[in-house]
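Nothing fancy with the numbering, it's 1 onward along the sequence. One-based numbering, in listed order, for ligands and for the atoms of each.
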Amino acid sequence: MGYHNNLDKVRNKRAKFPYTKEQIRNVFKRHDKNGDGQLSKDELDAAFKELGSIWPPGRAWFAQRYADDDGDGFISIDKELSKLVQYALELKYTLK
Ligand SMILES: [Ca+2]
Ligand SMILES: [Ca+2]
């Protein structure tokens, strides 16, 4: 009994290990699939799916509204990514 409880504790700890800022940044960068230096709505959608969002399209929409400073519909990896990373960081996604 005690042994099994301990196993669960270890598992829960691991399940709740949060993404770091750097890891989130890398997830977003990796999802610039066409390599144009911008994250489109679809690319954001896929990134949030990987981060574990239960509703990636909605999350991508909110994230875009939050981080898209110049309003062109894309997140510039040069200029707007840090705001996007901050947004995702506050959602406290965890590694699986
Ligand atoms: Ca892109
Ligand atoms: Ca933009």
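Looking only at N/O/S atoms, Asp36 comes nearest to the Ca ion (ligand 1) through OD1. Asp70 has its closest N, O or S atom to the Ca ion (ligand 2) at the position named OD1. Among the heteroatoms counted here (N, O or S) of Asp32, OD1 is the one nearest to the Ca ion (ligand 1). Atom OD1 is the N/O/S atom of Asp72 found closest to the Ca ion (ligand 2). Checked against the Ca ion (ligand 2), the N, O or S atom of Asp68 at the shortest distance is OD1. The Ca ion (ligand 2) lies closest to atom OE1 when only the N/O/S atoms of Glu80 are considered.
At a cut-off of 3.0 Å, Gln38 is counted among the residues with an N, O or S atom near the Ca ion (ligand 1). Here Ile75 does not reach the Ca ion (ligand 2): none of its N/O/S atoms is less than 3.0 Å from the metal.
Under the 4.0 Å criterion applied to side-chain N and carboxylate O atoms, Asp69 and Lys79 are not assigned as salt-bridge partners.
Formation of a donor-acceptor pair under 3.5 Å by the Asp45 side chain with backbone atoms of Ala60 is not found in this model.
To the nearest 10 degrees, the Ca ion (ligand 1) sees OD1 of Asn34 and OE1 of Glu43 at an angle of 130°.
Contact detail for Gln64 and Leu44: the closest heavy-atom pair is CB-CD1, 4.0 Å.
Within the 4.5 Å cutoff, no side-chain heavy atoms of Leu84 are placed close to those of Asp68. Counting heavy atoms from C-beta outward, Asp72 and Gln38 have side chains that approach closer than 4.5 Å.
For the residue pair Tyr19 / Arg25, no side-chain donor-acceptor distance below 3.5 Å is found, with atom types taken as modelled.
Ring pair Phe28/Phe48: centre-to-centre distance below 6.0 Å.
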